Enquirer: 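One structure, as structure tokens, below. Some questions next.
Values in this document were obtained by computation on a predicted structure and should not be read as measured data.
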Amino acid sequence: MRSTAPDDCPRRPGSRVLAAARELGYAPASTARALARGGTGVLGLTMTTYGDLPVPYTEIPYYAQLTLGAMAAAHKRGYLLQVMPSSMSPWMWLNTPMDGVIHVDPRAEDPVRSLLRERGIPMVCEGRPPQPHWGDAWVDTDYEAGLHLLLDHLTQSGARRIGLSLPLHDDAYPDLIAHAYRFWCDKHGMPALVEEYAPLPDPFAAEQDAVSRLLDHDPSPDAVVGVYSDSGHNILAAARRHGLRVPRDLLVACVSEDPDYATTTPPVTTLSLDPDRVGAEAVDLLIAVINARSGVDRHRLVQPVLLPRRSTRRAGKMPSK
């Protein structure tokens, strides 16, 4: 699904950005003029920033589909959607006129949220804020329902010891996944087998090592789930290193929108988070917030979709629907 953007990249705390902008003599003249005309007709979409380090979000299928879904929804409602760079100067962040912003993947220490709050710009988060504030509006995937759908599918395929490869990150996503996984394991009386990994300096090697640690357990898991876009490739690579055949010896699945999993050897089962729908819902909620509509659900969950493939289908087992 999501990026393995680094956790220890240079960070620019919101207070320092605001202070730098004030030293430049910032005055929101362009925004004020736009508001006097009744709005700009422009919505912004921001990706999580990591200081000055540009992150290639559009190369990650989840974010590319999310952006296209939001863009189509905005155009349908008569708005333009402006996708902001993932690394911007303080002046650009504070001086770009917008009616509202969809902020993707809010982090625990998030300069973007601080800047938008300072400007008083209506904001909707894609993803639940890890440090929520009263009045937050967000759209997210129902990870509990999705992970339970995937885990139930694995048990129907014969899995009894399901391992989870979990990244360490400062957004809410890994914690929500871990909570859903442990809840399911406890409910079904199965062991919780989790190996965590830090995405730096090499996210591919780091996850493959985490999966190898899972496979070294005694007894070892008979299925492994990963939660990032590249996780399926990493799990397959680790399985090959251990001499395991997928799906005969090990079932493999991941959370991803990457269409390439339909052509891997074997094709990998994926859980889609339906980013097109997430983007459209975020636009709808943002416009409601901009117009101060009452009675609007400010916390929305999108249902994920399971795509079963050969990697979770053992001989004699029927794939789940």
Enquirer: If we only count heavy atoms from C-beta on, is the Val225 to Cys254 side-chain gap below 4.5 Å?
Expert: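 Side chain of Val225 against side chain of Cys254, heavy atoms only: no contact under 4.5 Å found.
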Enquirer: So, the side chain of Asp222 versus the backbone of Arg160: is there a donor-acceptor pair under 3.5 Å, distance only?
Expert: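 Yes: the side chain of Asp222 pairs with the backbone of Arg160.
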Enquirer: Please test Thr155 against Trp184 for side chain to side chain contact (heavy atoms under 4.5 Å, CB included), starting from the C-alpha separation and ending with a verdict.
Expert: CA-CA 12 Å; Thr155 58; Trp184 183 92; 3.3 Å; yes
Enquirer: In terms of heavy-atom contacts, does CZ of Arg248 have more than 12 from other residues, nucleotides or ligands at under 6.0 Å?
Expert: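 12 or below, so no.
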Enquirer: Please work out which of the three classes, parallel, tilted or perpendicular, describes the rings of His299 and Trp138, given edges at 30° and 60°.
Expert: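 If you compare the ring of Trp138 with that of His299, the planes turn out parallel.
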Enquirer: To the nearest 0.5 angstrom, please state how far the CD atom of Glu126 sits from the OG1 atom of Thr46.
Expert: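 With rounding to 0.5 Å, CD (Glu126) is 10.0 Å from OG1 (Thr46).
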Enquirer: With distance as the sole test, does Arg310 use its side chain to make a donor-acceptor pair with the main-chain N or O of Pro247 at under 3.5 Å?
Expert: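 No, the answer is negative, given that no donor and acceptor are paired below the 3.5 Å cut-off.
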Enquirer: Nearest 0.5 angstrom please: Leu306 CG to Asp152 CG, how far?
Expert: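 Rounded to the nearest 0.5 Å, the CG-CG separation comes to 10.0 Å.
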Enquirer: Mind running side chain to side chain contact (heavy atoms under 4.5 Å, CB included) on Val283 and Lys76 for me, showing each step along the way?
Expert: CA-CA 10 Å; Val283 167; Lys76 187 175 181 179; over 6 Å; no
Enquirer: Main chain of Gln303, side chain of Asp142: is a donor-acceptor contact present, judged purely on distance under 3.5 Å?
Expert: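 No, the answer is negative, given that no donor and acceptor are paired below the 3.5 Å cut-off.
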Enquirer: With side chain to side chain contact (heavy atoms under 4.5 Å, CB included) as the criterion, how do Tyr62 and Ser229 come out once you've worked through the C-alpha distance, each side chain's angles and the decisive distance to 0.1 Å?
Expert: CA-CA 8 Å; Tyr62 177 86; Ser229 187; over 6 Å; no
Enquirer: Measuring from Arg161:CZ to Met190:CE, what's the distance to the nearest 0.5 Å?
Expert: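 Arg161 atom CZ to Met190 atom CE measures 10.5 Å (nearest 0.5 Å).
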Enquirer: Is a side-chain N or O of Asp99 found less than 3.5 angstrom from the main chain of Leu43, in a donor-acceptor match?
Expert: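 Here the side-chain-to-backbone pair does not exist.
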Enquirer: Measure the spacing between CD of Gln65 and CD1 of Ile60 and express it to the nearest 0.5 Å.
Expert: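 One gets 12.0 Å once the value is rounded to the nearest 0.5 Å.
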Enquirer: Measure the shortest side-chain to side-chain distance between Val246 and Ile235 over non-hydrogen atoms and say whether it is less than 4.5 angstrom.
Expert: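 No; the side chains remain at least 4.5 Å from each other.
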Enquirer: Apply side chain to side chain contact (heavy atoms under 4.5 Å, CB included) to Arg182 and Val194, showing your working.
Expert: CA-CA 9 Å; Arg182 293 182 187 281; Val194 181; 3.7 Å; yes
Enquirer: Would you find a donor on one side and an acceptor on the other, under 3.5 Å apart, between the side chain of Ser165 and the backbone of Ala210?
Expert: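 Judged by distance alone, no pair lies under 3.5 Å.
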Enquirer: Find out whether His148 and Lys187 are in side-chain contact, i.e. whether some heavy atom of one side chain is under 4.5 Å from a heavy atom of the other.
Expert: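 Of all side-chain heavy-atom pairs linking Lys187 with His148, none is under 4.5 Å.
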Enquirer: Quick one: closest heavy-atom pair of Tyr79 and Val42, and the distance?
Expert: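 Here Tyr79 and Val42 meet closest at CD2-N, 4.2 Å.
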Enquirer: Answer yes or no: is there a donor N or O on one side and an acceptor on the other, between the side chain of Thr269 and the main chain of Arg309, under 3.5 Å?
Expert: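 Yes; judged by distance alone, with no hydrogens or angles, the pair exists.
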Enquirer: Whether the side chain of Tyr261 engages the backbone of Ser256 through a donor-acceptor N/O pair (distance < 3.5 Å, no angle test) should be reported.
Expert: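 No: the side chain of Tyr261 does not pair with the backbone of Ser256.
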Enquirer: Do Arg298 and Val289 have side chains that get closer than 4.5 Å, going by heavy atoms?
Expert: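 Yes. Closest side-chain heavy atoms under 4.5 Å.
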Enquirer: Enter the distance from His153:NE2 to Arg313:CZ here, rounded to the nearest 0.5 Å.
Expert: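 It is 7.5 Å, given to the nearest 0.5 Å.
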Enquirer: Taking all atoms of both residues into account, what is the closest heavy-atom pair of Pro266 and Thr264, and its distance?
Expert: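 Scanning both residues, the minimum pair turns out to be O-OG1, 2.7 Å.
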Enquirer: Going by atom types only, do Asn234 and Tyr228 share a side-chain donor-acceptor pair under 3.5 Å?
Expert: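 No, no side-chain donor-acceptor contact under 3.5 Å.
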Enquirer: Decide whether Leu307 and Leu147 are clustered together by the hydrophobic rule: side chain heavy atoms of Ile, Leu, Val, Met, Phe, Trp, Tyr closer than 4.5 Å, transitively.
Expert: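 No.
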Enquirer: Are Val268 and His233 side-chain neighbours, meaning at least one heavy-atom pair lies under 4.5 Å?
Expert: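 No, every pair of side-chain atoms sits at 4.5 Å or beyond.
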Enquirer: Would you be so kind as to tabulate the donor-acceptor pairs closer than 3.5 Å made by side chains of residues 273-280, with sequence neighbours excluded?
Expert:
{"unit_1": "Arg277", "atom_1": "NE", "unit_2": "Glu281", "atom_2": "OE2", "d": "3.1"}
{"unit_1": "Arg277", "atom_1": "NH2", "unit_2": "Glu281", "atom_2": "OE2", "d": "3.2"}

Enquirer: Quick one: CD on Glu144 to OH on Tyr181, what's the gap to the nearest 0.5 Å?
Expert: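 One gets 15.0 Å once the value is rounded to the nearest 0.5 Å.
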Enquirer: Using only atom types and a distance under 3.5 Å, with no angle test, would you say the side chain of Tyr173 pairs donor to acceptor with the backbone of Val227?
Expert: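 Yes, because the side chain of Tyr173 sits within donor-acceptor range (under 3.5 Å) of the backbone of Val227.
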Enquirer: Taking salt bridge (Lys or Arg N to Asp or Glu O under 4.0 Å) as the definition, give me every residue that meets it alongside Arg241, ordered by chain and number, with sequence neighbours left out.
Expert: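 Counting only residues at least two positions away or on another chain, Arg241 forms a salt bridge (Lys or Arg N to Asp or Glu O under 4.0 Å) with Asp209.
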Enquirer: Considering residues, nucleotides and ligands other than His179, do more than 12 of their heavy atoms fall under 6.0 Å from its NE2?
Expert: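 Not buried by this count: 12 neighbours or fewer within 6.0 Å.
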Enquirer: Please check this pair: side chain of Asp258 against backbone of Asp260, looking for a donor-acceptor N/O pair closer than 3.5 Å.
Expert: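 Here the side-chain-to-backbone pair exists.
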Enquirer: Picking from Asp140, Asp136, Asp284, what satisfies salt bridge (Lys or Arg N to Asp or Glu O under 4.0 Å) with Arg300?
Expert: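 For Arg300, the salt bridge (Lys or Arg N to Asp or Glu O under 4.0 Å) test succeeds with only one of Asp140, Asp136, Asp284, which is Asp284.
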Enquirer: Looking at Arg128 and Thr141, what are the two nearest heavy atoms and their distance?
Expert: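 Looks like NH2-O, 3.1 Å.
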